[in-house]
Amino acid sequence: MNVDIIFKIAAVGIITAIVCQVLKKADKDEIATITALAGLVIVLLMVVNMISDLFGTLKSLFGLYSLWK
């Protein structure tokens, strides 16, 4: 497993947390919630991309092209 993806996910989490805290201190709770949701969506897209790559690798490894057509 590549360690870079863990650092990317951690960086998105840290940046999202900092921005949310700043927005909450400025009494912008709604925007802070939207920011937190955007950070979650970004991380989920990264994970879905990794899972897609995993399934592609498994298909090519076991030769399952004839079953998925």
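All figures in this text were calculated on a predicted structure; none of them were measured in a lab.
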Using 0.5 Å steps for rounding, measure from the CG atom of Leu37 to the OG1 atom of Thr16. 10.5 Å
Separation of Leu61 CG from Leu54 CG (nearest 0.5 Å): 10.5 Å
Joint hydrophobic cluster, Ile42 plus Ile51, side-chain heavy atoms closer than 4.5 Å: yes
Treat each ILVMFWY residue as a node, draw an edge where side-chain heavy atoms are under 4.5 Å apart, and state whether Ile9 and Val12 are in one component. yes
Drop me the distance from Lys59's NZ to Thr57's OG1, to the nearest 0.5 angstrom. 10.5 Å
Check the hydrophobic clustering (I, L, V, M, F, W, Y; side-chain heavy atoms under 4.5 Å; chains of links allowed) and say if Phe55 and Val48 are grouped together. no
Could you state the interatomic distance from CG (Asp53) to CE (Met50), rounded to the nearest 0.5 Å? 8.5 Å
Side chain to side chain contact (heavy atoms under 4.5 Å, CB included) against Leu45, all qualifying residues, sequence neighbours excluded: Val41
Kindly give the heavy-atom pair with the smallest separation between Cys20 and Ala32, and that separation in Å. SG-O, 3.2 Å
Apart from Val19 itself, what residues make up its hydrophobic cluster, given side-chain heavy atom links below 4.5 Å? Ile15, Leu23, Ile31
Working to the nearest 0.5 angstrom, can you tell me the gap between Lys24 NZ and Thr35 OG1? 10.5 Å
